[in-house]
Amino acid sequence: MTAKFPRIALSFLLVSQLLIVETADAQSPPPGAQPTTAVAPGQEMRAAYQASFQETLRKPADPATLMAFAEIAIKIGDLEGAISALDRLLLIDGDQPEIKLELGVLYFRLGSFEAARTYLGEVRFSKRASPVLKARAEEFLNAAKRS
């Protein structure tokens, strides 16, 4: 299962890139923007969220299930729910700079700049993080310093 996990994390980031128009995530600008609020989700989205949440209760340690829930939670604006799912992913494999970047950005969006700095700092110094991830973490770290 751990061999699949990095691919799942990368897939999550790629899917998040597609959501750029609807939500801000680790792949979207600008880090200098103030924390935002989400648009009220429709009934379909709320039903999908509830189904995904129930799936996390049935499979609390399944990376794909946790990723799916985090994705939909971000879409509807449940940043705390997304954080919870992503934190559980780090319990499965704690050396995932992609997940730490996403967590740092989510905490940044919530205005929890100290928590954001913790995760973003870990990405900046991670041996597994790509230069792109490190640069993105640095952007948000600089923005968090100004906040």
Side-chain angles (χ1 to χ4, degrees), residues 1-39 41 45 48-49 51-147:
M1 178 174 277
T2 56
K4 291 183 182 179
F5 186 71
R7 275 194 242 137
I8 293 170
L10 187 55
S11 296
F12 177 77
L13 288 174
L14 293 174
V15 169
S16 295
Q17 179 75 19
L18 298 174
L19 302 174
I20 228 168
V21 174
E22 296 179 36
T23 62
D25 59 22
Q27 301 300 312
S28 65
Q34 293 298 316
T36 59
T37 56
V39 177
M45 184 67 76
Y49 171 84
S52 185
F53 176 74
Q54 291 302 316
E55 190 68 11
T56 66
L57 296 178
R58 285 188 289 280
K59 301 177 183 176
D62 179 52
T65 299
L66 294 171
M67 285 291 200
F69 176 74
E71 178 185 323
I72 197 164
I74 291 169
K75 281 184 185 178
I76 69 164
D78 179 15
L79 303 184
E80 292 91 348
I83 286 170
S84 175
L86 295 174
D87 272 335
R88 282 189 272 165
L89 285 171
L90 289 181
L91 292 175
I92 296 167
D93 180 358
D95 190 16
Q96 290 294 316
E98 298 90 352
I99 301 302
K100 290 178 181 181
L101 177 62
E102 192 70 35
L103 282 163
V105 172
L106 291 171
Y107 278 115
F108 180 90
R109 289 181 61 197
L110 285 173
S112 298
F113 300 114
E114 192 60 37
R117 281 189 284 271
T118 299
Y119 284 107
L120 296 168
E122 289 180 24
V123 173
R124 185 172 55 175
F125 296 113
S126 171
K127 292 179 181 178
R128 289 183 65 187
S130 70
V132 172
L133 286 178
K134 289 180 180 188
R136 199 70 181 139
E138 189 67 39
E139 288 178 43
F140 277 94
L141 280 166
N142 289 335
K145 287 177 189 174
R146 293 188 300 266
S147 300

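Only heavy atoms go into these numbers, but all of them, side chains included; no hydrogens, no water, no symmetry mates. Bear in mind that the values here come from a model prediction, so they are computed numbers and not experimental data. Starting from 1, each residue takes its place in the sequence as its number.
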_Between Y107 and F113, ring centroids under 6.0 Å_ = no

Reported [atom1]-to-[atom2] distance for the pair [X] and [Y], which is rounded to 0.5 angstrom:
X	Y	atom1	atom2	value
E138	L133	CD	CG	13.0 Å
F140	R109	CZ	CZ	9.0 Å
R88	D62	CZ	CG	10.5 Å
L90	K100	CG	NZ	6.0 Å
S52	E71	OG	CD	8.5 Å
L120	E122	CG	CD	9.5 Å

Does any part of the side chain of [Y], heavy atoms only, come nearer than 4.5 Å to the side chain of [X], both counted from C-beta?
X	Y	value
E98	R128	no
D87	L103	yes
I99	M67	yes
R136	L101	yes

_K59 vs E55, test: salt bridge (charged side-chain N to carboxylate O under 4.0 Å, His left out). Steps then yes/no._
CA-CA 6 Å; K59 301 177 183 176; E55 190 68 11; 3.1 Å; yes

*According to the interplanar angle, ranging from 0 to 90°, do the rings of F53 and F69 count as parallel (below 30°), tilted (30 to 60°) or perpendicular (above 60°)?*
tilted

*asked:* Tell me whether the count of non-hydrogen atoms from other residues, nucleotides or ligands lying under 6.0 Å of OH in Y49 goes above 12.
replied: yes

*CA sep, side-chain torsions, deciding dist, call: E80, D78, side-chain contact (heavy atoms from CB on, under 4.5 Å)*: CA-CA 5 Å; E80 292 91 348; D78 179 15; 3.9 Å; yes

Minimum heavy-atom distance [X]-[Y], with the two atoms named:
X	Y	result
P63	I92	CG-CD1, 4.1 Å
K134	V123	CG-O, 3.7 Å
A82	A70	CB-O, 3.7 Å

Has [X] got a side-chain atom pairing as donor or acceptor with [Y]'s backbone, closer than 3.5 angstrom?
X	Y	answer
T118	E114	yes
S112	A115	no
R117	L141	no

